[in-house]
Amino acid sequence: MFRKCTFPMLFILTALCCSAQVKNEKEYRIKIGDFPEKAIQELKEYIKDARRIRYFQEVDNNNVSFETKLNIEGNRHSIEFDSIGNLEDVETVIKKHEVPSLTLKGVEQYFDSEFTRYRIVKIQRQYPREAFNSNEEVFNKAFQNHENPDVNYEIVVAGRKKEGFKDYEVTFNYNGELLNIREFISLAYDHILY
């Protein structure tokens, strides 16, 4: 009996793991009144000097989150909250030359080994909430654009493999080690570029 069930179960588990590797994110612009109140209260203290503030709801597979995108002193940030308004991370768009050399070395080695050709579309320095002592510390470090060993680097890349070009979101830690890679289903960048 166990042997008869093994192959189908293995197939199902493999399919589930593979589907989790695909980023199927949809982002909808929403009004501030549709954003979680807890998140709005948190943001008030930190975004007083922000410009171009926009609010979004994201659906990624079955997960729902909320994100605000804004500019502070010329830097583009996105702040993500879970469905009830708890801070998940703050991301800051940066240029390639702002990535630490140790991190960049690991990123380039990984991309060179995985792709025959690639093009980096966007780089973000990611300040995950769980890596810091408080929300205040996350906001302060992110808005001052601090490089820190607790940050990650989230890179959107168009990479070519045998089957052709595909789009990926790849996350590395400060040491340039791969944390996560997810393939985009859509080629449209409008919802992820800013």
Side-chain angles (χ1 to χ4, degrees), residues 19-96 98-99 119-132 134-146 148 150-158 166-172 179-194:
S19 68
Q21 299 293 327
V22 176
K23 182 171 182 162
N24 189 15
E25 180 180 280
K26 291 182 176 59
E27 191 173 81
Y28 308 95
R29 187 146 183 204
I30 60 174
K31 296 178 181 177
I32 191 171
D34 297 326
F35 212 74
E37 182 60 30
K38 180 178 180 180
I40 294 295
Q41 293 305 315
E42 178 96 44
L43 286 170
K44 280 182 182 179
E45 183 176 342
Y46 298 105
I47 65 170
K48 293 174 186 169
D49 298 326
R51 298 177 53 173
R52 298 188 65 217
I53 303 170
R54 294 176 286 165
Y55 299 92
F56 299 88
Q57 179 180 22
E58 291 182 355
V59 180
D60 183 359
N61 298 326
N62 291 326
N63 297 323
V64 174
S65 62
F66 293 88
E67 185 173 30
T68 185
K69 297 181 183 185
L70 48 90
N71 287 356
I72 297 179
E73 296 179 7
N75 293 310
R76 296 183 304 166
H77 302 280
S78 61
I79 305 164
E80 190 163 359
F81 297 89
D82 66 16
S83 61
I84 59 171
N86 295 313
L87 179 66
E88 291 186 345
D89 64 45
V90 178
E91 296 174 335
T92 303
V93 177
I94 62 171
K95 304 267 188 219
K96 185 177 176 181
E98 296 176 87
V99 177
R119 180 176 58 89
I120 293 175
V121 178
K122 181 175 88 166
I123 302 173
Q124 293 187 120
R125 186 175 285 139
Q126 181 187 68
Y127 300 80
R129 171 57 186 97
E130 68 272 4
F132 296 91
S134 66
N135 289 5
E136 180 181 11
E137 185 180 7
V138 174
F139 283 113
N140 288 337
K141 297 231 184 252
F143 292 163
Q144 293 171 10
N145 206 10
H146 276 212
N148 185 302
D150 295 318
V151 301
N152 298 323
Y153 291 85
E154 188 177 274
I155 301 173
V156 176
V157 63
K166 291 187 178 179
D167 301 309
Y168 300 90
E169 180 184 85
V170 191
T171 307
F172 296 88
L179 297 177
N180 191 26
I181 182 168
R182 298 194 305 171
E183 179 187 330
F184 285 119
I185 290 180
S186 170
L187 292 176
Y189 290 122
D190 59 330
H191 67 289
I192 56 167
L193 286 181
Y194 182 75

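Heavy-atom basis, side chains included; hydrogens, waters and symmetry copies ignored.
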Check: Do Q126 and T171 come within less than 4.5 Å of each other through their side chains, counting heavy atoms only?
Finding: yes

Notebook entry, point to check: Of the non-hydrogen atoms in R54 and T68, which two are nearest, and what is the gap between them?
Noted result: O-OG1, 2.9 Å

Margin query: When you compare the side chains of Y153 and R125, does any donor N or O come within less than 3.5 Å of an acceptor on the partner?
Written below: yes

Note to self: Could you check whether atom CD of E37 has more than 12 heavy atoms from other residues, nucleotides or ligands sitting under 6.0 Å from it?
What the structure shows: yes

Item checked: Shortest non-hydrogen contact from K48 toward K44 -> CG-O, 3.5 Å

Next item on the list: Using a 4.5 Å cut-off on heavy atoms from C-beta on, say whether the side chain of L70 contacts that of I79.
Entry: yes

Next item on the list: In plain terms, say whether R129 and D82 are close enough for a salt bridge, that is, a side-chain N and a carboxylate O under 4.0 Å apart.
Entry: no

Notebook entry, point to check: Sequence neighbours excluded, which residues qualify as ring pair (Phe, Tyr, Trp, His ring centres under 6.0 Å) partners of Y55?
Noted result: F35

Next item on the list: Please test R182 against D60 for side chain to side chain contact (heavy atoms under 4.5 Å, CB included), starting from the C-alpha separation and ending with a verdict.
Entry: CA-CA 12 Å; R182 298 194 305 171; D60 183 359; 2.9 Å; yes

Next item on the list: Kindly give the heavy-atom pair with the smallest separation between T92 and A142, and that separation in Å.
Entry: OG1-O, 3.6 Å

Check: What heavy-atom pair brings N152 and P128 nearest, and what distance separates the two atoms?
Finding: ND2-CG, 3.7 Å

Check: If you measure from CD on E58 to CG on N63, what distance do you get to the nearest 0.5 Å?
Finding: 10.5 Å

Next item on the list: Anything under 30° is parallel, anything over 60° is perpendicular, the rest tilted; go ahead and classify F139 against Y46.
Entry: parallel

Note to self: A side-chain contact here means heavy atoms from C-beta on lying under 4.5 Å apart; do E154 and D89 qualify?
What the structure shows: no

Note to self: I'd like to know whether Q57 forms a side-chain hydrogen bond (donor to acceptor under 3.5 Å, both in side chains) with D34, so could you lay out the CA-CA distance, the side-chain angles of the two residues, the decisive distance to 0.1 Å, and finally the verdict.
What the structure shows: CA-CA 9 Å; Q57 179 180 22; D34 297 326; over 6 Å; no

Note to self: Would you compute the distance between atom CD1 of I40 and atom CD1 of I47 and round it to the nearest 0.5 angstrom?
What the structure shows: 7.0 Å

Next item on the list: Determine the sole option in D167, V170, I123 for which the side-chain contact (heavy atoms from CB on, under 4.5 Å) test with V157 is passed.
Entry: V170

Next item on the list: Quick one: pull up CZ in F81 and CD in E42 and give me the separation to the nearest 0.5 Å.
Entry: 6.0 Å

Next item on the list: Report yes if the side chains of H77 and I72 come closer than 4.5 Å at any heavy-atom pair, otherwise no.
Entry: yes

Checklist line | Nearest atoms (heavy-atom pairs only) where F66 meets S83 | finding: CE1-O, 3.8 Å

Next item on the list: Supply the atom-to-atom distance E137 CD to D150 CG, rounded to the nearest 0.5 angstrom.
Entry: 8.0 Å

Margin query: Using a strict threshold of under 4.0 Å (side-chain N to carboxylate O), is an ion pair present between E27 and K69?
Written below: yes

Next item on the list: Work out which heavy atom in N71 is nearest to a heavy atom in R76; give both atom names and the distance.
Entry: OD1-CG, 3.2 Å

